[in-house]
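Here the structure is laid out as structure tokens; the discussion comes afterwards.
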Amino acid sequence: MALVDNVISKAREYIGVSENPPESNNVVFNTDYYGREVFDNGGITYPWCVVFLWDIFRMCGAQSVFCDGMKTASTEAVLTHYKNKGMLFSAGKRGDIVLIITDAAGRGRNVNHAGLVISVNGDGTYETIEGNTGSGNIANGGMVMNRTRSLSGRGYKIVGFARPSYEKASTVNAPNEIPISARLTIVGSGIRVRTAPNTSSAVAKNLEEGAVVKATGRIASRHNPWFHIDGGYISGNYVSGWIKDYNDNKRWWYVEKDYKYAKSQWKNIAGKDYCFGKDSYLFVNCYIKSAVNGTYYWVDDDGVYQKRYDTMSPNRKYRIVENYKNENAL
């Protein structure tokens, strides 16, 4: 699959993702960009339409393609970079970054919103996927959405189309793989390990029920998951175990057969109780409020619930999760 197809496919996976809480700019893309959870707090804001694009390219292993490797959250920086490079166009094509100035933009702004062109329609309009947009606020709507943009749109103007150099990575036939650390147990018999992450590739070997394998990468797809193990790739539908994304100790989650994973729930695993956030990552080192009463439960550095620390008055120097069903672990 060409890189531009990977990027568009990855962006589609996040349609519908929104800030939590609303108007906070607290969203997974900002967490990935800044390396921590961030919230608007008066004088400091964290707009994320460009961050969304940066993160999508990063997840596709194409960080060097987005703005030629420049890490930025600024629409103005994106505009300047591609303009100076001679890669800013008045007509767009699939894979371009559409740059927009809204009628509500502040004085002196050249651009205040960006999105990814996923197709060009027969009538000259553009189908896009945009982060931090909304039906009522084009440039600060708080959601990833599929939009239709026009050169004669209402409430905004298309400044230009920035064109990433996808061909830089087109010769690298690498899948959309992120680094992980995991020991996975095979669930099922005669499970095929393939030479590439697709069912049409050659079979390298078969694994039997209960075999334990080490995984170093995964294909980040909700609908077609694969894990990279010694000797090839195995379908995510036939494994179970703990996974650490990006080899980051804060990014633990648990997968079961058929690629099912805990989300916004407590789960007992091997006799221990764990709590997973809205983002499916494990809560660690924090108090979590009960969903049925006012008790706060403590989970330790490994995410394990420690009953002896149940309390009605949690220590405020630690994170306090008031609603685990609606809060992200990260």
Side-chain angles (χ1 to χ4, degrees), residues 1-15 17 28-29 32 55-66 95 118 166-263 267 269-270 276 279-282 330:
M1 183 181 291
L3 176 58
V4 65
D5 298 320
N6 280 339
V7 169
I8 291 173
S9 177
K10 176 55 58 180
R12 287 187 192 277
E13 288 186 23
Y14 288 92
I15 292 174
V17 170
V28 63
F29 315 110
D32 289 343
D55 207 17
I56 293 299
F57 277 80
R58 179 192 64 80
M59 286 187 280
C60 291
Q63 215 168 321
S64 63
V65 175
F66 177 75
I118 62 172
Y166 290 101
E167 66 278 3
K168 273 188 174 182
S170 62
T171 57
V172 181
N173 190 26
N176 172 21
E177 184 173 323
I178 66 172
I180 66 169
S181 178
R183 284 176 61 83
L184 302 172
T185 300
I186 302 301
V187 183
S189 59
I191 305 305
R192 295 171 177 174
V193 178
R194 295 186 178 271
T195 56
N198 59 72
T199 55
S200 61
S201 61
V203 176
K205 59 183 176 181
N206 293 325
L207 294 173
E208 297 303 320
E209 179 93 25
V212 176
V213 296
K214 179 182 178 181
T216 58
R218 71 178 177 92
I219 309 304
S221 170
R222 296 176 183 176
H223 308 296
N224 188 27
W226 291 84
F227 287 98
H228 194 172
I229 66 171
D230 183 33
Y233 292 85
I234 189 168
S235 169
N237 293 314
Y238 303 104
V239 297
S240 67
W242 286 100
I243 298 164
K244 181 169 63 172
D245 280 352
Y246 302 103
N247 297 310
D248 180 348
N249 277 325
K250 295 180 179 179
R251 295 176 180 266
W252 284 101
W253 57 289
Y254 191 80
V255 68
E256 296 180 285
K257 188 177 185 298
D258 297 324
Y259 204 64
K260 294 178 180 177
Y261 46 88
K263 178 179 180 180
K267 186 173 183 64
I269 301 171
F276 297 85
D279 54 4
S280 295
Y281 285 122
L282 180 68
L330 296 182

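For the numbers below, each heavy atom of this structure counts, side chains included, while hydrogens, waters and symmetry mates do not.
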Taking all heavy atoms of [X] and all of [Y], pick out the closest pair and write down the distance.
X: Cys60; Y: Asn6; answer: SG-O, 3.5 Å
X: Ala11; Y: Ile56; answer: CA-CD1, 3.9 Å
X: Ile180; Y: Phe227; answer: CD1-CD2, 3.7 Å
X: Gly95; Y: Ile8; answer: N-CD1, 4.4 Å

### Task
Kindly say whether Val28 contributes a backbone atom to a donor-acceptor pair with the side chain of Asp279 at under 3.5 angstrom?
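Checked: no pair found.
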### Query
Hey, is the main chain of Trp253 close enough, under 3.5 Å, to the side chain of Tyr261 for a donor-acceptor pair?
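Answer holds: no.
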### side chain to side chain donor-acceptor pair (under 3.5 Å) pairs, two or more places apart, involving residues 193-202
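Residue pairs with at least one partner in residues 193-202: Asn198-Ser200.
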Sorted by first residue and then second, give each salt bridge (Lys or Arg N to Asp or Glu O under 4.0 Å) pair with at least one member in [range]; sequence neighbours left out.
range: residues 254-263; value: Glu256-Lys267
range: residues 232-246; value: Arg218-Asp245
range: residues 228-237; value: none

### Query
Between Trp226 and Tyr233, does the ring centroid distance fall short of 6.0 Å?
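So the answer is no for these two rings.
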Taking atom [atom1] of [X] and atom [atom2] of [Y], what is their separation to the nearest 0.5 Å?
X: Leu330; Y: Leu282; atom1: CG; atom2: CG; value: 9.5 Å
X: Asp55; Y: Tyr14; atom1: CG; atom2: OH; value: 7.0 Å
X: Arg183; Y: Ile229; atom1: CZ; atom2: CD1; value: 12.5 Å

Tabulate below the donor-acceptor pairs under 3.5 Å that side-chain atoms of residues 184-193 make, not counting sequence neighbours, or state none.
none

### Task
Report the C-alpha separation of Val7 and Tyr166 in whole Å, then their side-chain angles, then the decisive distance to 0.1 Å, and conclude whether the side-chain contact (heavy atoms from CB on, under 4.5 Å) test is met.
CA-CA 10 Å; Val7 169; Tyr166 290 101; 4.1 Å; yes
### Residues which pass side-chain hydrogen bond (donor to acceptor under 3.5 Å, both in side chains) with Ser280, listed by chain and number, not counting sequence neighbours
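By the side-chain hydrogen bond (donor to acceptor under 3.5 Å, both in side chains) rule, Ser280 matches no residue at all.
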### Query
Below 4.5 Å, heavy atoms only, C-beta onward: do Tyr238 and Leu207 meet side chain to side chain?
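Tyr238 does not reach Leu207 side chain to side chain.
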